[in-house]
There are 2 protein chains.
Amino acid sequence: MPEAPLQDRLLATFDTLPPRLRAAARWVLDHPDDVALLSMRGQAQRAGVPPVTLTRLAQRLGYDGYDEVRDLYAQAVRRRAIGFADRGGALVARGKAEGEGRLLADILAASGASLQRLAEEDVLAQIRTAARILGGARRIYAVGQRSSFSIAFHFSYVAAFVGADCHLLEGAGGTGADALRGARPGDALLAVSVKPYVRTTLELARHAAGRGLDVVAITDSAAAPLARSAGCAIIVPTESPSFFHTMLPAFAVAELLVALFATRRGEQALIAITATESELAALDVYALGSEGRRITP
Amino acid sequence: MPEAPLQDRLLATFDTLPPRLRAAARWVLDHPDDVALLSMRGQAQRAGVPPVTLTRLAQRLGYDGYDEVRDLYAQAVRRRAIGFADRGGALVARGKAEGEGRLLADILAASGASLQRLAEEDVLAQIRTAARILGGARRIYAVGQRSSFSIAFHFSYVAAFVGADCHLLEGAGGTGADALRGARPGDALLAVSVKPYVRTTLELARHAAGRGLDVVAITDSAAAPLARSAGCAIIVPTESPSFFHTMLPAFAVAELLVALFATRRGEQALIAITATESELAALDVYALGSEGRRITP
DNA sequence: CCCGTTCAGCAACGATTGTTTCAAGAATGG
DNA sequence: CCATTCTTGAAACAATCGTTGCTGAACGGG
């Protein structure tokens, strides 16, 4: 069983505990999951002690009551779901800060956690599937509106940079749908949409699917409209301590997709990049062209 | 998001559910861990529905009560715990992973680290200064090109959502600079630019500074052209294990800026948001307007 | 030996849980 | 149009929760 929040503390005091409390502590050490999932009375029964004993154990450890202990273990379960060892730094910083600093620290900590959630098996699997679909497509269309637009744009821009035949469907004036006119099976559509779902994005995705395109979705829930109609859906968290949703994980997914995409194209991608770069340099787009720089869109 | 016991069943009945039940189902789908760890009332609150609704949802799925549903999710948590114990966790898996999986894990880890760097004192201080400047400005202009465009766009979009008088300077056709014609002292410019620095962005920033605007820069080095000319420069890391630069930290900064900005505006921001929302709703921009949703750009 | 302290468990407490009931509103079909 | 069904939330419900107060037992130092 993985990390147990109070393990060290319990072991330290273990020898000084009276027999029944020790039995309780022992059970807690052995069943961290149950601490989070069962009621205190249920745990007491399984541990073979009266409920009071657990309360007393919690108090002896310096907590007000057993609820605090259970919260601790619940957090551990959540963290394990995410799969990262807790990095003290950010959490400590959060605790000390106040006001604006507190908000900033909270948001950053939450952002980090959100990104970690992308590292879960099933999400990664979806990302890889998506990269495979996009990589195999003859042409890629990308669509996203309002808060999702920046995601679609970024993907489209970088994908084009590595030589993909990628078209961004801008929603304005309905011209977006027009670009789809030449689309045919073998093409793919990357659609980005989070709550509240913009109608035209959904319709475009439906339309594309109807024409036989592979639809890859970046959205915020398995129950989201896009997730249900798309061939491959990548679910990103959007909750944030601020009172906005965050698009950061979606942005990260976009970058991940291009990275994989580029890897799949390999040599071909490098050629495309250098070609684009020299073209742009010739057009004098960039300042300070002399400085040594990496391949960069 | 880890395995969800009822996912299939919920998705199957999802469309036939009445609105509030659907909202509940949706929350359950999106927060499987919380189903196991929180009390029903706590879950109801987070889902934005009265407690009864969860009971009804359980009954509609054929269970006697919500407790059975929670037991199901608790079992899933335990099962996952076992799985992790066997395989030794995601971190080990990362080490073992190869090829694509390895790349994804590396990028995500690096992204997390990059975000942590934003939490450093001096960066935070710059962010706060920037928020103060932008918050005090009469009007905000935003500019960013190529890979920086998505950052500028996102900032501009969300800032406008909270009621800021924010204009995005699009580079195409030189019309971007035109929008600056009405600019005067008291206005501010948010300029985003990373290597290789697009010439026009730099020129625009210089131009704006010349007209007496406060210039806030998001860039990638203290030695970058923008950093040296701007009144306030936020330095973001752009290194990445992939062979592209990453714009993720810059994106995070954009979101942080708006969050702070909105906080400063307080009540005023909320009013602006609800006004915009109802306007958009009236225009029928969004699908599924009925579902309870948060303030969302 | 007695006395004070610590430990353990029972019973009862208020708080909170999940559920049922009921009435009002919305949607639907005739 | 009315009648009917379905949907929804407030309030009240018993059950269960975690905790407290209390009592007796066990133990150790005087």
Side-chain angles (χ1 to χ4, degrees), chain A residues 5-6 10 13-28 31-75 77 223, chain B residues 5-6 10 12-28 31-75 77 281 287-293:
Chain A
L6 293 177
L10 280 171
T13 45
F14 196 76
D15 295 318
T16 75
L17 289 177
R20 308 312 310 231
L21 281 182
R22 195 180 302 191
R26 165 93 198 237
W27 187 89
V28 168
H31 304 85
D33 279 340
D34 289 322
V35 174
L37 296 171
L38 264 47
S39 77
M40 191 194 77
R41 286 181 125 96
Q43 297 176 44
Q45 192 182 358
R46 282 158 214 246
V49 298
V52 232
T53 307
L54 292 181
T55 295
R56 292 204 249 257
L57 178 63
Q59 289 169 341
R60 195 176 268 250
L61 291 171
Y63 299 98
D64 277 349
Y66 198 71
D67 280 327
E68 296 186 24
V69 172
R70 196 168 41 190
D71 284 350
L72 236 53
Y73 277 79
Q75 285 172 32
V77 167
Chain B
L6 293 177
L10 280 171
T13 44
F14 196 77
D15 295 315
T16 73
L17 290 177
R20 308 314 313 245
L21 280 182
R22 195 180 301 192
R26 163 128 197 196
W27 187 90
V28 169
H31 304 84
D33 279 342
D34 288 323
V35 174
L37 295 171
L38 264 44
S39 78
M40 190 196 77
R41 285 181 124 96
Q43 297 175 43
Q45 193 182 0
R46 283 158 213 246
V49 299
V52 224
T53 307
L54 292 182
T55 296
R56 291 204 251 256
L57 178 63
Q59 289 169 342
R60 196 176 264 250
L61 291 171
Y63 300 98
D64 278 348
Y66 198 72
D67 282 327
E68 296 186 25
V69 172
R70 194 167 42 190
D71 285 349
L72 235 53
Y73 278 79
Q75 286 172 32
V77 167
L288 291 181
S290 62
E291 263 190 40
R293 61 169 202 259

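So you know, we letter chains A, B, ... as the sequences are listed, proteins then strands, and number each from 1.
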Atom CG of B/Leu57 and atom P of D/dT7 are separated, to the nearest Å, by 13 Å
Picking from D/dG9, D/dT8, C/dG9, the nucleotide nearest the side-chain atoms of A/Thr53 would be C/dG9
A/Arg22 atom CZ is separated from C/dT6 atom P, nearest whole Å, by 17 Å
Taken to the nearest 0.5 Å, the spacing of A/Leu61 CG from A/Tyr66 OH works out to 10.0 Å
CG (B/Leu21) and CG (B/Leu54) are apart, to the nearest 0.5 Å, by 9.0 Å
NA contact type, B/Gln59, heavy-atom cut-off 4.0 Å: base, sugar-phosphate, or nothing? sugar-phosphate
Rounded to whole Å, the CZ-C1' distance (A/Arg56 to D/dT19) equals 10 Å
inquiry  = Is there a side-chain contact between B/Thr55 and the phosphate of C/dG18, meaning an N or O under 4.0 Å from OP1 or OP2?
reply    = no
Non-hydrogen side-chain atoms of B/Arg20 and B/Arg56 separated by less than 4.5 Å
no
Can you find a heavy atom in the side chain of B/Val35 that is under 4.5 Å from one in the side chain of B/Trp27?
yes
Name the nucleic acid region contacted by B/Ser39, choosing base, sugar-phosphate or nothing; use a 4.0 angstrom heavy-atom cut-off, strictly under.
sugar-phosphate
Q. Is there a side-chain polar atom (N or O) of B/Arg20 under 4.0 Å from OP1 or OP2 of C/dG25?
A. no
Note: for B/Leu54 and A/Pro19 on DNA chain C, the residue whose nearest nucleotide lies more 5' is A/Pro19
Against the side chain of A/Val52, the closest entry in C/dG9, D/dG9, C/dT19 is C/dG9
Separation of D/dC17 atom P from A/Leu38 atom CG, nearest Å, is 10 Å
From CZ of B/Arg41 across to P of D/dA15 the rounded distance in Å is 16 Å
Practice item. For residues B/Met40 and B/Thr55, determine if any side-chain heavy atom of one lies less than 4.5 Å from a side-chain heavy atom of the other. Key: yes
Has the side chain of B/Arg70 got a donor or acceptor atom sitting under 3.5 Å from an opposite partner on the base of C/dG18? no
When rounded to whole Å, the CZ to C1' distance for the pair B/Arg60 and C/dT19 reads 17 Å
Between CG of B/Leu21 and C1' of D/dT7 the distance, given in whole Å, is 8 Å
Atom CE of A/Met40 and atom P of C/dT16 are separated, to the nearest Å, by 15 Å
